[in-house]
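Both backbone and side-chain heavy atoms feed into the values below; hydrogens, waters and symmetry mates do not.
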Amino acid sequence: MVEKNYLSREGFEKLEAELKDLKSRGRKEIAEEIAEARAKGDLSENAEYDAAKEAQGMLEKRIAELENALANARILDEEDVKTDKAYLLSTVTIHNHKVDREVKYTLVSKDEADFKKNKISIESPIGKAILGSEIGEIVDVDVPAGKLKLEIKNIER
């Protein structure tokens with residue numbers, strides 16, 4: 001069974017733009033690198049050629065991942081996100097009892113996660129723990145640094 005990939009409109013457009021860029025500019029640059037390496041002669045001992053072919057493989061892998069993510073994408077309208085529980089695209093204010101600090105996270109799909117922008121994946125330990133939680137609820141989370149005790153303070157769109 002194919003998993004649906006829930007994205008915001010912004011996230012969908014960002015993935016779409018990345019795919020378009022990789023298919024045009026990315027493929028063109030790799031083809032030029034391969035052609036340049038081929039022109040240098042013997043391919044059996046040509047490290048530049050090997051590196052370019054490896055880069056091509058990684059590029060094609062990323063293109064396939066993006067095509068799959070977009071093919072299975074379902075765009076969520078943020079207006080439809082309820083605030084009674086923490087759902088995908090909810091912005092949740094949590095109080096971390098371990099460090100006595102509050103932080104706001106927006107719950108997003110793995111493709112939209114960006115920790116610098118406080119967008120965390122619902123597949124991450126914290127994301128999994130707070131998904132479906134209600135205001136006032138306290139959840140325990142196992143993270144690589146140990147156990148966290150998080151209290152849900154607020155949920156908004």
Checklist entry - Can you tell me how far CD of E54 sits from CD1 of I30, rounded to the nearest 0.5 angstrom? => result 10.5 Å
Checklist entry - Shared ILVMFWY cluster between F115 and L89, side chains joined below 4.5 angstrom? => result yes
Next on the checklist: Whether the side chain of S124 engages the backbone of I120 through a donor-acceptor N/O pair (distance < 3.5 Å, no angle test) should be reported.
Outcome noted: no
Checklist entry - Distance only, no hydrogens: is a donor on one side chain within 3.5 Å (strictly under) of an acceptor on the other, for N72 and N68? => result yes
Item to check | Residue pair K104 / V92, side-chain heavy-atom distance below 4.5 Å | outcome: no
Item to check | Set of residues satisfying side chain to side chain contact (heavy atoms under 4.5 Å, CB included) with respect to K14, sequence neighbours excluded | outcome: none
Checklist entry - Does some side-chain heavy atom of L19 sit less than 4.5 Å from a side-chain heavy atom of L70? => result yes
Item to check | For E134, side chain to side chain contact (heavy atoms under 4.5 Å, CB included) partners two or more places apart | outcome: K85, E137
Item to check | Counterpart residues, side-chain hydrogen bond (donor to acceptor under 3.5 Å, both in side chains), relative to S121 (two or more places apart) | outcome: none
Next on the checklist: Under the rule for salt bridge (Lys or Arg N to Asp or Glu O under 4.0 Å), what residues qualify as partners of K61, not counting sequence neighbours?
Outcome noted: E65
Checklist outcome for this item: Sequence neighbours excluded, the answer for side chain to side chain contact (heavy atoms under 4.5 Å, CB included) partners of I75 is R9, F12
Checklist entry - What pairs with D140 under side-chain hydrogen bond (donor to acceptor under 3.5 Å, both in side chains), at least two apart in sequence or on another chain? => result none
Checklist entry - What distance separates E13 CD from E16 CD, expressed to the nearest 0.5 Å? => result 7.0 Å
Checklist entry - What's the verdict on side-chain contact (heavy atoms from CB on, under 4.5 Å) for V103 and T93, showing C-alpha distance, side-chain angles and the deciding distance? => result CA-CA 6 Å; V103 67; T93 304; over 6 Å; no
Checklist entry - Under 4.5 Å between any side-chain heavy atoms of S8 and E112, yes or no? => result yes
Item to check | For K53, side-chain hydrogen bond (donor to acceptor under 3.5 Å, both in side chains) partners two or more places apart | outcome: Q56
Checklist entry - Tell me, do Y105 and K119 make a side-chain contact under 4.5 Å, heavy atoms counted? => result no
Next on the checklist: Applying side-chain hydrogen bond (donor to acceptor under 3.5 Å, both in side chains), can you list everything that pairs with R25, at least two apart in sequence or on another chain?
Outcome noted: D21, E29
Next on the checklist: Applying salt bridge (Lys or Arg N to Asp or Glu O under 4.0 Å), can you list everything that pairs with E48, at least two apart in sequence or on another chain?
Outcome noted: K40
Checklist entry - Is any side-chain heavy atom of L131 closer than 4.5 Å to a side-chain heavy atom of L107? => result yes
Item to check | L7 side chain near D111 side chain, heavy-atom distance below 4.5 Å | outcome: yes
Checklist entry - Going by heavy atoms in the side chains, are I122 and V108 under 4.5 Å from each other? => result no
Checklist entry - Can L150 be reached from V143 by stepping across I, L, V, M, F, W or Y side chains whose heavy atoms are under 4.5 Å apart? => result yes
Checklist entry - What side-chain hydrogen bond (donor to acceptor under 3.5 Å, both in side chains) pairs are there with at least one residue in residues 146-155, not counting sequence neighbours? => result H97-E151, D142-K147, N154-E156
Checklist entry - Excluding sequence neighbours, so at least two apart, what forms salt bridge (Lys or Arg N to Asp or Glu O under 4.0 Å) with E60? => result R27
Item to check | Electrostatic pair E67-K23, nearest N-O below 4.0 angstrom | outcome: yes
Checklist entry - Sequence neighbours excluded, which residues qualify as salt bridge (Lys or Arg N to Asp or Glu O under 4.0 Å) partners of E18? => result R62
Checklist entry - Can you tell me how far CD1 of I155 sits from OG of S133, rounded to the nearest 0.5 angstrom? => result 7.0 Å
